[in-house]
Amino acid sequence: MASAPPRPTPSLLYAVKRLELAIRARLDEMLRGSGVTTPQYTALTVLEHRDGITAAQLARDSFVTPQAMADLIHALDRRHLIRRAVNPGNKRELLIYLTDEGRALLGAYAEAVAALEDHMVSALSFEQAEAFRAALTTAWTTLNPPRSPAPAGGALRATAG
């Protein structure tokens, strides 16, 4: 029986995590004078693309737990970078919106963030950078398949045979 070829090192998981940590360190440094943290900045960028979402959705899209998002929302609201409003379709739900102050903060850092991304892929051709983006997107999609809707009538129940 032939053995599998050795896996390249570092592993892809390690390489992705190492890249994430390098990006995070650069963003932390870049945002130091802004008064917002990298997770707060991430949440603002999510709202820039998907304004008017719930805290639960914002947490998922910002890669933090719902508990961490509650603290994050409080801090952003205190700085008037976001606002919360009752969902007209569900009065018990609050939706979160980016304020003009939040948009201004994002605008102030847009060029620096774009420069960071450009620098990250500067050793790649345009085609390689686009292939890298596509590969990362494919890998993420593979690990996060669309969820099936819950069956009508609630949870599945075991039946006696």
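Small disclaimer: the values here were computed from a predicted structure and weren't measured.
Side-chain contact between Leu58 and Leu72 is absent, with no heavy-atom pair separated by less than 4.5 Å. Put simply, the side chain of Arg103 reaches to within 4.5 Å of the side chain of Asp51, judged on heavy atoms. Between His49 and Asp61 there is no side-chain heavy-atom pair separated by less than 4.5 Å. Two residues are said to be in side-chain contact when any heavy atoms from C-beta on lie closer than 4.5 Å; Leu106 and Tyr41 meet this criterion. Using a 4.5 Å heavy-atom threshold, the side chains of Lys17 and Ser11 count as separate. Between Gln57 and Ile96 there is no side-chain heavy-atom pair separated by less than 4.5 Å.
Of the inter-residue distances, the one linking Thr54 atom OG1 with Leu95 atom CG reads 7.5 Å to the nearest 0.5 angstrom. To the nearest 0.5 Å, atom OG1 of residue Thr42 and atom CZ of residue Arg24 are 7.5 Å apart. Taking CG of Leu105 as the start and OG1 of Thr45 as the end, the distance is 11.0 Å to the nearest 0.5 Å. One finds the OG1 atom of Thr141 at 10.5 Å from the CG atom of Leu136 (value rounded to the nearest 0.5 Å). Separating the CE atom in Met120 from the CZ atom in Phe132 is a distance of 5.5 Å, to the nearest 0.5 Å.
Side chain of Thr99 to backbone of Leu81: a donor-acceptor contact under 3.5 angstrom is found. Checking side-chain atoms of Asp77 against main-chain N and O of Ile73 turns up no donor-acceptor pair under 3.5 Å. Using a distance-only test at 3.5 Å, with no hydrogens or angles considered, no donor-acceptor pair links the side chain of Arg79 to the main chain of Ala75. Of the possible donor and acceptor atoms, none in the side chain of Ser62 sits under 3.5 Å from a partner among the backbone N and O of Val64.
Residues Pro10 and Arg18 come closest through the heavy atom pair CG-NH2, 3.7 Å. Taking each heavy atom of Tyr109 and Gly33 in turn, the nearest pair found is OH-C, 4.1 Å. In plain terms, the two heavy atoms of Tyr97 and Ala85 that are nearest each other are CE1-CB, 4.0 Å. Minimum interatomic distance between Ala43 and Leu76 (heavy atoms only, all atoms of both residues): CB-CD1, 4.3 Å. Annotation for Leu94 and Val86: closest pair CD2-N, 3.8 Å, computed over non-hydrogen atoms.
Between Arg133 and Glu130, at least one side-chain nitrogen of the basic residue sits less than 4.0 Å from a carboxylate oxygen of the acidic one, meeting the salt-bridge criterion.
Exactly one of Thr38, Thr37, Val113 qualifies for a side-chain contact (heavy atoms from CB on, under 4.5 Å) with Leu31. That residue is Thr38.
A 6.0 Å sphere centred on CG of Asp100 holds no more than 12 heavy atoms belonging to other residues, nucleotides or ligands.
By the criterion of side-chain heavy atoms lying less than 4.5 angstrom apart, applied directly or through intervening Ile, Leu, Val, Met, Phe, Trp or Tyr residues, Val121 is not grouped with Val16; the two fall into different hydrophobic clusters. In this structure, Phe63 is not a member of the same hydrophobic cluster as Leu47, with clusters built from ILVMFWY side-chain heavy atoms closer than 4.5 Å.
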